[in-house]
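So the structure is just underneath, and the comments pick up after that.
This is a predicted model, so every value here is computed, not measured. In what follows, residues are counted from 1 in the order of the sequence shown.
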Amino acid sequence: VPLVYPLLVYLLARMLWIGLHRDADPPPGRRPMRLLVPGALLGVATVFLMGFRVGLAVKTSTVIDVGYAGVIGADHIVHGQQIYGAFPKDNEHGDTYGPVAYAAYVPFVKAFGWSGRWDGDLPAAHGAAITFDLVCCFMMLLLGRRLRGPTLGVVLAYLWAACPFTLYALMSNTNDALVAAFVLLALHVAISPPLRGVAVALGGLTKFATLALAPLFVTHGRERTGRRGVVECSAAFALVVVVIMVPVVLGGPGLGTIYERTLGYQSSRGSPFSVWGLYDLPALQSVWQGLSVALALLLAFVPRRRDVVGLAACAGAIVIALQLGVTHWFYLYIPWFLPLVAVALFARYAEPGTASAAEDATAGEEAAVPSQATSTGSIAVA
């Protein structure tokens, strides 16, 4: 368990270096991405890996309590029952996630049903986990293509398919890939303040920890849009939170019980998977948690890279810092920040084989923001 922390601290420092040092790397397009194998071969490998992963998930995976909780919550929504404070004894604390986490399982419960017990099959949980995994891989492909070109898209998709920790989440049939999907969605719509607000709110109401990304995404692009963009993003974020949470609160046991079942339970639970759970370090843990919250607020206002690379790097730093301070940290949480780290590390490079570095830089950003292609300033912000 202690050996995890130097690695996470390194990633945290790496993300901060990329996000805050705007001149640390050559401008986009000046240095091409170097691959040891052809991009086409990576594409074939990605297709094979995803097919292999789906086969494993169907044949040999196990649904742990997280996936089971998603099925229970979705069943409650389908039958008009309250989500929080009414879970069965065999998953008593399964009502600890945001309401979006349970709503995402509704289509799968409707399609596959539920026997009413934890019977080891739970096809709805399998279907949801496989879908979340495929969506993340496809979104990595699309995001890379929009930012730089087809090679980056294939590289990002391959990273998702080849990562053992994304496979771990899939084989456990958890909802962690859903968090990653909303993080990727926020990067996809980074040019639009209202859509950014919607994406971050949906992600935060899936796993509450990612609400810490709200200040960073609200202030992204303020050099281009000014106060209007900040207001639009904030308003969209608040609207989504209100629309989702008000029915949950009014139709549930009350805000106090909801807090107790979610954030209250998470903050008080024990765990052998973190140094805070293994050793008695409450003062040091509180200090780190305070620093991680301060970092989330500080990164929203300090000068940083204004492109998607900088946004991804700073967001990755925030998520990693928060995870470093929680008592119950587990490897299933790595997919939350994997897309952010991947974009920050690899989207800095140009499409291999381009004739002109400057042309590649412009083309990569134009692909991400086709409607803003005529404005150099808008492209840089995007």
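The hydrophobic cluster containing V287 also contains I320, counting ILVMFWY residues as joined when their side-chain heavy atoms lie under 4.5 angstrom apart, directly or transitively. Criterion: ILVMFWY side-chain heavy atoms under 4.5 Å apart, direct or through other members. Under it, L338 and L8 are part of a common hydrophobic cluster. Hydrophobic clustering (side-chain heavy atoms under 4.5 Å, transitive across Ile, Leu, Val, Met, Phe, Trp, Tyr) groups L49 together with L41. Under the 4.5 Å side-chain contact rule for hydrophobic residues, I318 and L297 do not share a cluster. Under a hydrophobic clustering in which Ile, Leu, Val, Met, Phe, Trp and Tyr are joined whenever their side-chain heavy atoms come within less than 4.5 Å, directly or via other members, V218 and V189 fall into different clusters.
A donor-acceptor contact shorter than 3.5 Å is absent between the side chain of S61 and the backbone of V58. Under the 3.5 Å distance criterion, the side-chain polar atoms of Q82 are left unmatched by any main-chain donor or acceptor of V248. Checking side-chain atoms of T210 against main-chain N and O of G203 turns up a donor-acceptor pair under 3.5 Å. Of the possible donor and acceptor atoms, none in the side chain of W276 sits under 3.5 Å from a partner among the backbone N and O of Y279. Judged by distance alone, the side chain of R222 and the main-chain N or O of T219 form a donor-acceptor pair under 3.5 Å. Side-chain atoms of T206 come within 3.5 Å of backbone atoms of L202 as a donor-acceptor pair (strictly under, hydrogens ignored). No donor-acceptor pair under 3.5 Å is formed between the side chain of N175 and the backbone N or O of L178. Side-chain atoms of R224 come within 3.5 Å of backbone N or O of I191 as a donor-acceptor pair. In this structure, the side chain of R148 does not engage the main chain of G144 through any donor-acceptor pair within 3.5 Å. Judged by distance alone, with hydrogens and angles left aside, the side-chain atoms of T327 form no donor-acceptor pair with the main-chain N or O of S271 at under 3.5 Å.
Contact annotation: the side chain of S234 never approaches that of F217 to less than 4.5 Å [non-hydrogen atoms, C-beta and beyond]. Residues R305 and L311 form no side-chain contact, since every pair of their non-hydrogen atoms from C-beta on lies 4.5 Å or further apart. The closest side-chain heavy-atom distance from F87 to H93 is not below 4.5 Å. M33 has its side chain within reach of L152: a pair of non-hydrogen atoms, C-beta onward, lies under 4.5 Å apart. Side-chain contact between Y5 and Y10 is absent, with no heavy atoms from C-beta onward closer than 4.5 Å. Side-chain contact check for R227 versus V231: some heavy-atom pair is nearer than 4.5 Å. Contact annotation: the side chain of F237 never approaches that of V198 to less than 4.5 Å [non-hydrogen atoms, C-beta and beyond]. Residues I18 and M15 meet the side-chain proximity criterion, which asks for heavy atoms closer than 4.5 Å.
I258 contributes atom CD1, which lies 12.5 Å from atom OG1 of T96 (distance to the nearest 0.5 angstrom). Distance check, rounded to the nearest 0.5 Å: CG of L281 to CH2 of W288 gives 14.0 Å. Note that the SG atom of C314 and the CG atom of L340 stand 10.5 Å from one another [nearest 0.5 Å]. Note that CD of Q289 and CG of L291 are 10.0 Å apart. Values are rounded to the nearest 0.5 Å. Atom OH of residue Y84 and atom OH of residue Y259 lie 14.0 Å apart, to the nearest 0.5 angstrom. Rounding to the nearest 0.5 Å gives a distance of 10.0 Å between CZ of F273 and OH of Y333.
Ring pair Y102/Y97 is tilted by interplanar angle, where 30° to 60° counts as tilted. The aromatic rings of F112 and F108 sit parallel to each other, their planes meeting at less than 30°, with 60° as the upper class boundary. Relative ring orientation between F132 and Y105 is described as perpendicular, the plane-to-plane angle rising above 60° on a 0-90° scale split at 30° and 60°. By the 30° and 60° cut-offs, the orientation of the rings of W329 relative to Y331 is perpendicular.
For D133 and R53, the salt-bridge test passes: some basic side-chain N is under 4.0 Å from an acidic carboxylate O.
Contact between V275 and P2 at its shortest, heavy atoms only, is CG1-CA, 4.1 Å. Here the closest non-hydrogen pair linking L20 and V302 is CD2-CG2, 3.8 Å. Residues M171 and A57 come closest through the heavy atom pair SD-N, 3.9 Å. Across all their heavy atoms, P193 and T225 have their closest contact at CG-CG2, 4.5 Å. Between L205 and V241 the shortest heavy-atom distance is CD1-CA, 4.0 Å. Listed here is the closest heavy atom pair of P335 and A180: O-CB, 3.3 Å.
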**Report entry** Intermediate values then yes/no, side chain to side chain contact (heavy atoms under 4.5 Å, CB included), T46 and W160
**Finding:** CA-CA 9 Å; T46 301; W160 181 271; over 6 Å; no
**Report entry** CA sep, side-chain torsions, deciding dist, call: D95, I72, side chain to side chain contact (heavy atoms under 4.5 Å, CB included)
**Finding:** CA-CA 9 Å; D95 55 345; I72 297 171; over 6 Å; no
Requested in this report: Determine, step by step, whether L143 and M139 satisfy the side chain to side chain contact (heavy atoms under 4.5 Å, CB included) criterion, reporting the C-alpha distance in whole Å, the side-chain angles of both residues, the deciding distance to 0.1 Å, and the verdict.
Outcome: CA-CA 6 Å; L143 182 61; M139 290 181 73; over 6 Å; no
Report task. Check the pair V309, L147 against side chain to side chain contact (heavy atoms under 4.5 Å, CB included), reporting the backbone distance first and the verdict last. Result -> CA-CA 9 Å; V309 171; L147 291 177; 6.0 Å; no
Report task. Carefully, step by step, assess H220 and R196 under the rule side chain to side chain donor-acceptor pair (under 3.5 Å). Result -> CA-CA 9 Å; H220 176 66; R196 278 201 316 272; 5.1 Å; no
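Side chains of S274 and H328: a donor-acceptor N/O pair is absent below 3.5 angstrom, by distance only. Remark: the N91 side chain and the W118 side chain contain no N/O donor-acceptor pair separated by less than 3.5 Å.
Within a 6.0 Å radius of OH in Y158, no more than 12 heavy atoms belonging to other residues, nucleotides or ligands are found. Heavy atoms of other residues, nucleotides or ligands lying less than 6.0 angstrom from CZ of F48 number 12 at most.
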